[in-house]
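The block underneath contains the structure these notes are about, expressed in structure tokens.
Owing to the predicted nature of the structure, the values given are computational and were not obtained by experimental measurement. Atoms within each ligand, like the ligands themselves, are counted from 1 in listed order.
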Amino acid sequence: MVLPPKMKLLLFLSSQMAIFILFIHLYSYNFNSQNMKEEPKPTHMHVLVLSSWRSGSSFVGQLFAQHPDVFYLMEPAWHVWMTFTQSTAQRLHMAVRDLIRAVFLCDMSVFDAYMKPGPRKQSSLFQWYTSRALCSPPACNVLPQDETISQSDCKILCHQQPFEVVEKACHSHSHVVLKEVRFFNLQVLYPLLRDPSLNLHIVHLVRDPRAVFRSRERTAQDLMIDSHIVMGQDWQKLKKEDQPYYAMQVICQSQLEIYKAVQSLPKVLRQRYLLMRYEDLARDPLAQTARMYEYVGLKFLPQLQTWVYNITRGKGMGEHAFQTNARNALSVSQAWRWSLPYEKVSRLQKVCGNTMNLLGYHLATSEQEQKNLSLDLLSTWSPYQQIYQEG
Ligand SMILES: *[C@@H]1O[C@H](CO)[C@@H](O)[C@H](O)[C@H]1NC(C)=O
Ligand SMILES: *[C@@H]1O[C@H](CO)[C@@H](O)[C@H](O)[C@H]1NC(C)=O
């Protein structure tokens with residue numbers, strides 16, 4: 001068959017077109033299938049320091065915050081709670097969970113819901129200057145990355161940085177560590193533990209409820225809004241003198257439930273949980289810090305070892321209200337024994353006894369036992385060892 005030249009040209013062009021379309025198609029197919037094959041792999045390590053008020057979590061937070069690979073935020077969910085001060089911990093659970101998920105993924109737009117509209121700074125974040133990452137490049141360029149800047153200097157020198165630098169700082173670190181006291185069960189965190197885009201590891205920090213109780217008594221005014229949210233609607237029905245015990249009951253119960261829930265997790269998920277008693281950390285800060293670092297895959301760099309050594313001997317950390325140093329912590333952790341009346345101890349042990357037994361805090365059965373300091377009320381039994389043995 002002889003085709004006119006025009007027809008030949010048309011045929012030629014359309015065949016070229018077909019090849020071109022095929023190419024586009026293959027290319028996009030390839031592109032899509034590549035995308036589909038690639039699971040959203042977590043590029044960061046995500047660490048949640050799960051604790052309660054007055055339990056040394058700011059100190060543990062600092063142990064992480066000081067590491068050059070860590071982007072740290074203290075209590076991001078404070079913003080949620082302070083937006084809904086009439087609510088309850090249970091009702092705010094999901095909002096808190098979703099907020100920390102977004103923050104772990106460095107999506108700071110989540111704060112839009114909890115901050116005033118209009119331009120904001122990185123200093124709009126609660127206790128932002130406790131994050132070394134927000135006091136150093138790329139968030140704030142006053143000093144090179146490896147030089148330390150004090151929190152008070154950071155507050156002055158870096159508070160004008162725009163809010164956008166928070167995301168930038170988050171992306172430029174391999175580890176995102178968040179400290180939260182606003183979770184009251186583990187179930188709410190299950191979706192995050194199973195989320196393929198997250199690599200969540202939990203450090204559950206607990207402290208002797210009697211020491212917590214004493215410390216809460218001394219900061220009751222600061223904790224008032226939080227305590228009302230913890231107690232839910234119930235606090236208004238309670239006598240004022242009963243409220244501290246009820247708040248502790250809720251807190252102890254939640255720690256018990258978290259600890260128990262871990263035991264029933266599949267083994268792979270159980271390995272994402274580390275129990276840390278504050279007293280063990282106070283007695284041997286270097287060894288316990290090494291344990292936490294190893295668990296989340298951080299190198300215990302020589303300068304950090306010196307830093308921990310220094311602060312636990314009272315050097316290097318200021319007298320800021322939110323800071324605790326471990327050397328004081330060791331004597332402070334015993335202070336309840338001579339400063340709390342036995343009737344309070346006894347009453348608290350009634351509401352927190354189960355939790356204390358489980359975590360290895362011996363009950364004082366008399367005033368004599370409570371005041372006798374040669375009697376060690378901290379069990380050497382290590383709950384975390386038990387978890388791994390059972391697995
Ligand atoms: C530790 O303390 C010593 C002595 O006060 C000081 O020279 C050193 O710079 C401190 N190191 C760190 C990492 O804080
Ligand atoms: C204090 O406890 C120690 C150790 O259990 C015991 O030997 C001692 O008798 C106790 N002292 C008093 C005054 O109860």
Atom 5 (O) of ligand 2 [closest protein heavy-atom partner, distance rounded to 0.1 Å]: L375 CD1, 3.2 Å
Identified salt bridge (charged side-chain N to carboxylate O under 4.0 Å, His left out) counterpart of K344 within the set E241, E217, E367: E217
Close side-chain approach of L186 to E257, heavy-atom, < 4.5 Å: no
Side-chain heavy atoms of V206 within contact of Y361, under 4.5 Å: yes
Electrostatic pair R347:D242 at N-O distance under 4.0 angstrom: yes
Sub-4.0 Å protein heavy atom near atom 14 (O) of ligand 2: yes
D112/R120 salt bridge by N-O under 4.0 Å criterion: yes
Distance from atom 12 (C) of ligand 2 to nearest protein heavy atom, with residue and atom: N372 ND2, 3.4 Å
Ligand 2 contact on Q368 by region, counting heavy-atom pairs under 4.0 Å: side chain
Per-atom contact, atom 7 (O) of ligand 2, protein heavy atoms, under 4.0 angstrom: no
